[in-house]
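Each chain gets a letter, A, B and so on, in the order its sequence line appears, and its residues count up from 1.
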Number of protein chains: 2
Amino acid sequence: MNAPAPMLRLTTQRQVILEELSKVKTHPTASEIYDMVRKRLPRIGLGTVYRNLELMAENGMILKLEVGGTQKRFDATTDNHYHIRCARCGKVDDLEIPVFNTLTEEASTASSYQILGHHIEFTGICPECQKIQEDEYEE
Amino acid sequence: MNAPAPMLRLTTQRQVILEELSKVKTHPTASEIYDMVRKRLPRIGLGTVYRNLELMAENGMILKLEVGGTQKRFDATTDNHYHIRCARCGKVDDLEIPVFNTLTEEASTASSYQILGHHIEFTGICPECQKIQEDEYEE
DNA sequence: TATTAATAAGGAATCATTATCAGTATAATA
DNA sequence: TATTATACTGATAATGATTCCTTATTAATA
């Protein structure tokens, strides 16, 4: 059915993308990663960044976050954890609360889907944007 | 700061969009809603559908789902509930498990964000796609 | 080292969504 | 009811994110 997956070469581009993504605690979008990587590889193409993020996500090397907002975000930490997204600026951070492994079982009994996993996304206002909002009130 | 919100007129287009969205239990995308509405209003524009879905979401009449996948989805049921998305066909269904209101408080203590809410999205394979996968194995 | 398969870069193409604008419909009120 | 102000529509253009395509490179290995 599926063609055999080609072996992944560890090219310079791929390595740098992975390194830069691992450096940050945020969850950058493809074009943010492109900007980060371009400082070290000025001739890299945006398409290369997209292709490799996709390939590495398929191989479980990184996580592609299917969160709200218009752009997909990527994460070098692959173990399950939850996220919080700023409703104002769109930034995504990790949330340090334990993962509810029981949720998947609970969902299995409530649904005819074959459950694969779950993700919790909180919405809020980040500290920076809280400040900006306060300033706006003062004007 | 913000201009006063204009009053919302209940135009035919708006009414039909709301009616069609209320008819279905799924969570259609804007273009799916466009197709549904066009059977009754053949001359409606796609932009009108987008504009009105956005306005009605701002007014709390419907829910704009910030779920994974490339397209936004809309929901006529505005009370908080969780969703499950098919990893294969992208369909989104409701999940009948109770909402964890305590989660928001828990997140508040774990984060410096001002928490507004949360959403849980399960991933799985819908019954239809399970069938298709079984058929593929037999070949 | 020669072969070949995966990969890169660059640009075109696509898809979803938003913005613009000119004309129309509706509500407010004179 | 006529006038005026404003919301709204439909068509189309513009934008933004992502994917696709083509040709040239590059890494693995025979």
Side-chain angles (χ1 to χ4, degrees), chain A residues 2-21 27-59 61-62 64-74 85 89-92, chain B residues 2-18 20 27-59 61-62 64-74 85 89-92:
Chain A
N2 298 329
M7 72 154 287
L8 277 198
R9 290 181 187 164
L10 191 57
T11 62
T12 310
Q13 289 84 346
R14 212 160 272 170
Q15 213 170 322
V16 172
I17 290 170
L18 192 55
E19 281 173 19
E20 291 300 314
L21 182 58
H27 304 75
T29 62
S31 71
E32 285 169 352
I33 295 166
Y34 177 54
D35 289 339
M36 291 153 63
V37 168
R38 218 166 12 158
K39 289 176 186 158
R40 290 172 60 186
L41 303 175
R43 301 192 49 84
I44 196 171
L46 179 58
T48 302
V49 173
Y50 270 103
R51 182 169 8 88
N52 284 323
L53 288 171
E54 191 63 40
L55 279 169
M56 292 193 285
E58 279 172 17
N59 276 260
M61 300 165 68
I62 63 171
K64 178 165 65 169
L65 303 185
E66 297 271 358
V67 296
T70 49
Q71 289 170 275
K72 285 183 184 126
R73 291 174 176 274
F74 297 86
R85 183 164 55 88
C89 69
K91 186 174 62 174
V92 174
Chain B
N2 298 325
M7 71 155 285
L8 276 199
R9 291 179 185 164
L10 190 57
T11 63
T12 310
Q13 290 85 344
R14 216 159 267 173
Q15 213 171 321
V16 171
I17 290 170
L18 193 55
E20 291 300 312
H27 305 73
T29 63
S31 71
E32 284 168 352
I33 294 166
Y34 177 54
D35 288 339
M36 290 153 64
V37 168
R38 219 167 11 159
K39 289 176 187 158
R40 291 172 58 186
L41 304 174
R43 301 193 50 84
I44 196 172
L46 179 57
T48 302
V49 173
Y50 270 102
R51 183 167 7 89
N52 283 323
L53 287 171
E54 190 63 39
L55 279 170
M56 290 194 286
E58 279 173 18
N59 276 259
M61 299 166 67
I62 65 171
K64 179 165 66 170
L65 304 185
E66 298 271 357
V67 297
T70 49
Q71 290 169 274
K72 288 188 181 120
R73 292 174 175 275
F74 297 87
R85 184 164 54 88
C89 69
K91 185 173 62 173
V92 175

Nearest-Å distance, CE (B:Met7) to P (D:dC8)? 8 Å

List for me each residue that meets side-chain hydrogen bond (donor to acceptor under 3.5 Å, both in side chains) alongside A:Glu19, sequence neighbours excluded, and say none if there are none. A:Arg40

Atom-to-atom span, CE of A:Met56 to C1' of C:dT7 - whole angstrom: 13 Å

Could you tell me how far apart A:Tyr34 (OH) and D:dG16 (P) are, to the nearest whole angstrom? 16 Å

So A:Thr11, base contact, sugar-phosphate only, or nothing? Heavy-atom distance under 4.0 Å. sugar-phosphate

Tell me: CG of A:Leu53 to P of D:dA17, nearest whole Å? 15 Å

I need the CG-P distance between A:Asn59 and C:dT7, as an integer number of Å. 10 Å

How many whole angstroms separate atom CD of A:Glu66 from atom C1' of D:dA17? 14 Å

Which residues share a side-chain hydrogen bond (donor to acceptor under 3.5 Å, both in side chains) with A:Lys72, sequence neighbours left out: none

Protein-nucleotide distance (B:Leu10, atom CG; C:dT26, atom P), rounded to Å: 12 Å

Note the angle between the end axes of the helix from C:dT1-D:dA30 to C:dA30-D:dT1, five pairs defining each, rounded to 10 degrees. 20°

Taking every heavy atom of B:Ser31 against every heavy atom of B:Gln71, the minimum-distance pair comes out as OG-NE2, 3.7 Å

side-chain hydrogen bond (donor to acceptor under 3.5 Å, both in side chains) with A:Arg73: which residues, sequence neighbours excluded? none

State whether the distance check finds a donor on one side and an acceptor on the other, under 3.5 Å, for side chain A:Arg9 versus base C:dA5. yes

Does OP1 or OP2 of C:dA9 have a side-chain N or O of A:Gln13 closer than 4.0 Å? yes

B:Gly45 to B:Tyr34 - nearest heavy-atom pair and separation: C-CE1, 3.8 Å

Per B:Arg43 side chain, nearest of listed nucleotides D:dA11, C:dT7, D:dT9: D:dA11

NZ/NE/NH1/NH2 to OD/OE distance under 4.0 Å, B:Glu58 and B:Lys64: no

What does nucleotides 15-23 of chain C look like as a protein-contact string, B for base, S for sugar-phosphate only, - for none, at under 4.0 angstrom between heavy atoms? -SBB-----

Contacts satisfying salt bridge (charged side-chain N to carboxylate O under 4.0 Å, His left out) that involve residues 44-53 of chain B (not counting sequence neighbours) are none

Using atom types as modelled and distance alone, determine if a side-chain donor or acceptor of B:Arg14 lies under 3.5 Å from a backbone N or O of B:Arg9. yes

Distance-minimising heavy-atom pair for B:Val92 and B:Val67: CG2-CG2, 4.5 Å

Can you tell me the distance, in whole Å, between the CD atom of A:Glu58 and the P atom of D:dT19? 11 Å

